[in-house]
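Because the structure is a prediction, the values reported are computed rather than measured. The chains referred to below are lettered A, B, ... by the order of the sequence lines, with proteins before strands, and numbering in each begins at 1.
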Amino acid sequence: MDDFFEMVYEVVRLVPYGRVTSYGAIARYLGTGQSARMVGWAMNKASNSVPAHRVVNSAGLLTGKHHFGPGSVMQELLENEGIRVEDDQIVEFEKLFWDPSRELEIDDFD
DNA sequence: GGTCTGACTAAAT
DNA sequence: GATTTAGCCAGAC
């Protein structure tokens, strides 16, 4: 099952700079369906090499910011990438949302 | 080895 | 429309 975590890490690493995605989107892309919790659990085990701060819940809320450490570390990381965060919620989330099952499959976008 | 929990999500109430 | 319930699966106790 480590492969599952590895896949999660890889997808998260594929998230472009200044973009965000959701646990459910990753789970769906991996074919795990509704098991979005496992993605979050994978993040818990994830190393600092994984930009987990770009992963939020379906509402664009920084639900896991507390796991990064004290204060608003996650929010600062996002703002550092040009992502506006307001009250633990990503501003224009739908614009910044990056869906792997969409962005990675559509190759002939023309 | 059964039970609880969790960085989620969608549907029902 | 906010709160609750249920489904999800892997790890901790």
Please report, rounded to the nearest Å, how far the C1' atom of C:dA10 is from the CE atom of A:M7. 14 Å
Taking side-chain hydrogen bond (donor to acceptor under 3.5 Å, both in side chains) as the cut-off, I'd like each qualifying pair that reaches into residues 66-78 of chain A, sequence neighbours left out, listed once. A:Q75-A:E79
Tell me: CG of A:N57 to C1' of B:dA10, nearest whole Å? 13 Å
Please state how far atom NZ in A:K45 lies from atom C1' in C:dA10, giving the value in whole angstrom units. 10 Å
Rounded to whole Å, how long is the line connecting atom CE of A:M43 with atom P of B:dT5? 24 Å
Whole-Å distance, A:Y23 OH to B:dA10 C1', equals 17 Å
What does the list of N/O pairs under 3.5 Å between the protein and nucleotides 5-9 of chain C look like, with a distance for each?
from	atom 1	to	atom 2	distance (Å)
C:dG7	O6	A:R37	NH2	2.5
C:dC8	N3	A:R37	NH1	3.3

Qualifying residues under side chain to side chain donor-acceptor pair (under 3.5 Å), relative to A:T32, sequence neighbours excluded: A:S35
If you round to the nearest 0.5 Å, how far is OH of A:Y9 from OG of A:S47? 6.0 Å
So if I take residues 66-81 of chain A and measure heavy-atom distances to DNA chain B, which residues fall below 4.0 Å? A:H67, A:F68
Give the C-alpha distance, both sets of side-chain angles, the deciding distance and a yes or no for side-chain contact (heavy atoms from CB on, under 4.5 Å) between A:L78 and A:L62. CA-CA 10 Å; A:L78 290 170; A:L62 280 55; 3.6 Å; yes
Does A:F68 have any ring pair (Phe, Tyr, Trp, His ring centres under 6.0 Å) partners at least two apart in sequence or in another chain, and if so, which? none
May I ask you to say what A:N44 touches in the nucleic acid, namely base, sugar-phosphate or nothing, with a heavy-atom cut-off under 4.0 Å? base
Rounded to whole Å, the CG-P distance (A:D88 to B:dA7) equals 15 Å
Students often get this wrong, so: under 4.0 angstrom with heavy atoms, is A:A42 touching a base, only sugar-phosphate, or nothing? nothing
Pairs meeting criterion salt bridge (Lys or Arg N to Asp or Glu O under 4.0 Å) with involvement of residues 22-36 of chain A, two or more places apart: none
Enter the distance from A:L61:CG to A:D87:CG here, rounded to the nearest 0.5 Å. 8.0 Å
Considering only atom P, compute the distance from B:dC4 to C:dT5 and round it to an integer number of Å. 16 Å
Mind calculating the distance between OH (A:Y29) and C1' (B:dT9) to the nearest angstrom? 21 Å
Start at the 5' end of DNA chain B and walk down; is the nucleotide closest to A:W41 or to A:V56 reached first? A:W41
A:S22 meets the side-chain contact (heavy atoms from CB on, under 4.5 Å) criterion, sequence neighbours left out, with A:A25, A:F97
Can you pull out every salt bridge (Lys or Arg N to Asp or Glu O under 4.0 Å) where at least one residue sits in residues 50-68 of chain A? Sequence neighbours excluded, please. A:R54-A:E81, A:K65-A:D88
Could you tell me how far C:dC8 sits from B:dG1 if I compare only their P atoms? Round to whole Å. 23 Å
